[in-house]
Amino acid sequence: MIDADRVRRWLGDPVDVASLVAFRVLFGALMAFNVLRYEWEGWVHEQWIAPTVTFPYPGFAWVQPLHAWGLPSWSMHLVFGVVFVSAIGIALGRAYRLSVASFFIAFTYLELIDRTNYLNHYYLVSLLAILLFFMPLDARSVRRGWAPRWVLSTLRAQLALVYVFAGLAKLRADWLLDAQPLTTWLARHIDMPLVGSVMDDLWLAYAMSWAGFLFDLTIPFWLLWKKSRPYAYLAVVGFHLVTGALFPIGVFPMLMIVATTLFFDPTWPRHFGDGTSVAHPSAGDGPPAKGASLALALWFAVQLLVPMRQHLYPGNSCWTEDGYRFAWNVMVMEKTGQVDFLVRDSVGDTVVHAREELTPLQLRMMATQPDMILSYAHHLHDRWLRDHHEDVEVRADAWASLNGRPRQRLIDPDVDLASVRPSLQPRWWVVPLRE
Amino acid sequence: MIRRVLSILSIALLLSCGEPAETFDYAGMLQSIGDTVILPTYDDFAQATSELDIAAHAFCTMLDEPTYVAMEAAYRAAKTRLKLAEAFAIGPHTDSPLRLGPTVDFWPPRPADVDAVLAGSDALDPDALDSVGAGARGFPAMDYLIHPSTEPSEALAAFVAEPRRCEYLQAMTGNAARQARAYVGAWEGPEGHLALLVSGSDPYRDTFGAASAMFDQVLFTVENVRELKIGKPFGKRSSGVPQPAELEAPYGERSLQDAIDALQSTRNIWAGNYEGVEGVGLRDWLRARRPALEPDVEAAFDLAFATLRAIPEPYSSAITDAPTEVETAYVAIKDLQVLLAVDIAGALGVTVSFNPTDGD
């Protein structure tokens, strides 16, 4: 039986704040760098300004780009500016709560505008921002030299959950028995210097699939164990650098390399200074309040349940994508697709190919994601009604291939998608995957 | 322990260096496509457009039916070469600063733009056309200008009756010939676009990205043939009501041939072949990845061509008089498109995309 009071006392114990400060600085700097990257690559325009149609999350249709509310389109660059300045504020620990709050609001606002732009690691960034907001990591607080243990433990646990769920997500026949999608992805690199000649060898895809699975599933525990920690961190660095070199995954490798330093002894940054540690009181501020403890418990309950919801649905979640997002399904599928829409009204049938309205990225994402196909069908239905058409029905002629399988129909072509309401129910209008 | 692991890694590295396995060479494929298909096609386009310019001048000097017929034939020959370049209409065709595409191939034609220039009094020469809108120059505008009638004698009469029409024609063909030479210049040489493709330099992420871009453009072209050249005039986007105004080249009745030529351009890149010269193409890439799919692609291409050629000319009539044949071709091209976009893209590891961003 767990002694709750003892746990609370343990969570209130002081720990050296040095590693937390290092994380805060590196996290803020990395997020600021990411803004510069997006501006440099022109992705702010491509992903937030160019689209004329967006795919907001259910319940967040009110979240629109600023230009949809009448502001000039360049104002989206200002939002990125807010993210940048806030990230610098986080790194410096200045106006800390304001910086974290504005960072979270601006960053999450950008992510909520369009499901097209969903990335697991950006979801993680938003979660970390929420946690940081409640943590005493501002410049003044950290001068004490210590922080309550719950701060460090919470961040470690959050990261551990990401890894473990990412490992569990690989517990699939495609990944372990067929070495997919790595077989497909690695073969892209067959012209790499030195290692290119083995990139389309099946043994390598299997080795990397199993290594990736075992790495994700167990790395938090190796990082926690003092004896294995140095080797584990070397593995972290190696793993993320290799995946970063092989796949276009942006700042994800750097984010994890930075974040996993939290598993080190909390005094580690002091080795780069004068080496002296800071004395801190044996009792700290005492155990966290019961309300705070309850909030933490609730947070982690949600963090456990949200990724697991995909298992409540029938079928392969990579195919139906029921409960697929926010579940740490990191790089577990290669899906290609093609979709046409057939709009039927009182006059006749019209084929709509979304290319003329969506950006290439939106089109690519929508073609394989059933909920986005449904959203676009509703958009077409509304557009037709606005143009005074009557008796409008929308059907999708959608085909997809998952992890090297022959193409299959993704959406039942007989279903009028305009009559299907988005819900949390299983997507009966998705044609089941033939294994 | 660490020493042992390092030893094994070193041996593995040495083995992999000393005995390279057979791998697919993206740069080699792109170089071959460039040398065998892209550069020769643009050379032929430049040559054919130059011959068109000469034929236009001959016609405007003689103003008789034989030279009109010769000029019209030269127009068709040059248009074929232009359409045979659609599957690689990337780089200088679409990107600034050159952005040559709209200057030679802005369609469907805009007769009002051409009529406005005809009715004007501005000087007409190849340089002057640089300042007119895309709808008033290039091959689609030429289609309208050359064909006031499909009957050569009636067309000739229009040129005789309206001398400015000939001035405009010579300006247009001269302008097109210059643009065609610009394509050649933009693609060849150490600074040319082919060099960027082969080296995987900016705007491409790497040679795989460049090969993917080539595949994307093939797919994009197949879709254009289905949707814009065949489907849209047929009424696929207008509740089944045919839209003759959406035809690509209606005045000279070349719309169907344009579609066939554009589809042929995709097959040229696919096979890596052009005018009987064989090279390495996307097909060889598929052979290296999943050879079992190759017969499916060849069969889909064959069916698409057969059904397109089964549509009776002219296409402007077929969209109302031969709906069954048009529908059959439309479906066949769509099947080819889906095969490429889903199965082949998956097999090649090409996530069909025109702007690579982050993923995870």
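A note on names: the letters A, B, ... follow the listed sequences, proteins ahead of strands, and every chain is numbered from 1.
- Nearest heavy-atom pair across B:G346 and A:T184 is O-CG2, 3.4 Å.
- Note that the CD atom of A:Q408 and the CG atom of B:D343 stand 10.0 Å from one another [nearest 0.5 Å].
- Among all heavy-atom pairs drawn from B:V342 and A:A400, the shortest one is CG1-C, 3.5 Å.
- Residues A:T336 and B:V350 approach most closely at CG2-O, 4.0 Å, considering heavy atoms.
- The part of B:Y330 that comes within reach of chain A is its side chain, from C-beta onward, which places non-hydrogen atoms under 4.5 angstrom from that chain.
- By number of non-hydrogen pairs under 4.5 angstrom with chain B, the leading residue of A:L402, A:T243, A:D397, A:V352 is A:D397.
- Contacts of A:N120 with chain B are made by both backbone and side-chain atoms, with heavy-atom separations under 4.5 Å.
- A:Q362 does not touch chain B: none of its heavy atoms, backbone or side chain, sits under 4.5 Å away.
- Between A:P248 and B:R205 the shortest heavy-atom distance is CB-NH1, 3.6 Å.
- Per-residue counts of heavy-atom pairs under 4.5 Å with chain A were compared for B:Q337, B:E227, B:E223, B:R289; the largest is that of B:E223.
- Interatomic distance, B:D206 CG to A:H189 NE2, rounded to the nearest 0.5 Å: 7.5 Å.
- Side-chain atoms of B:R290 come within 3.5 Å of backbone atoms of A:G404 as a donor-acceptor pair (strictly under, hydrogens ignored).
- Within the model, atoms CH2 of A:W399 and CG of B:D335 stand 8.0 Å from one another, a figure rounded to the nearest 0.5 Å.
- Checked by atom type and distance alone, the side chain of A:R407 never pairs as donor or acceptor with a backbone atom of B:V338 at under 3.5 Å.
- For chain A, no part of B:L293 is nearby; none of its heavy atoms comes within less than 4.5 Å.
- Of the residues considered (A:P406, A:A187, A:A367), A:A187 shows the highest number of contacts with chain B, using heavy-atom pairs under 4.5 Å.
- With a threshold of 4.5 angstrom between heavy atoms, A:E41 does not approach chain B through any atom at all.
- In plain terms, the two heavy atoms of A:V351 and B:R237 that are nearest each other are O-CG, 3.5 Å.
- More than 12 heavy atoms of other residues, nucleotides or ligands sit less than 6.0 Å from atom CH2 of A:W185.
- A:N403 does not touch chain B: none of its heavy atoms, backbone or side chain, sits under 4.5 Å away.
- Residues B:Y26 and A:I190 are in side-chain contact: their nearest non-hydrogen atoms beyond the backbone lie under 4.5 Å apart.
- To the nearest 0.5 Å, atom NE2 of residue A:H353 and atom NZ of residue B:K334 are 10.0 Å apart.
- For chain A, no part of B:I344 is nearby; none of its heavy atoms comes within less than 4.5 Å.
- Between the CG atom of A:D340 and the NZ atom of B:K236 there is a distance of 10.0 Å, given to the nearest 0.5 Å.
- Of the inter-residue distances, the one linking A:R364 atom CZ with B:D216 atom CG reads 9.5 Å to the nearest 0.5 angstrom.
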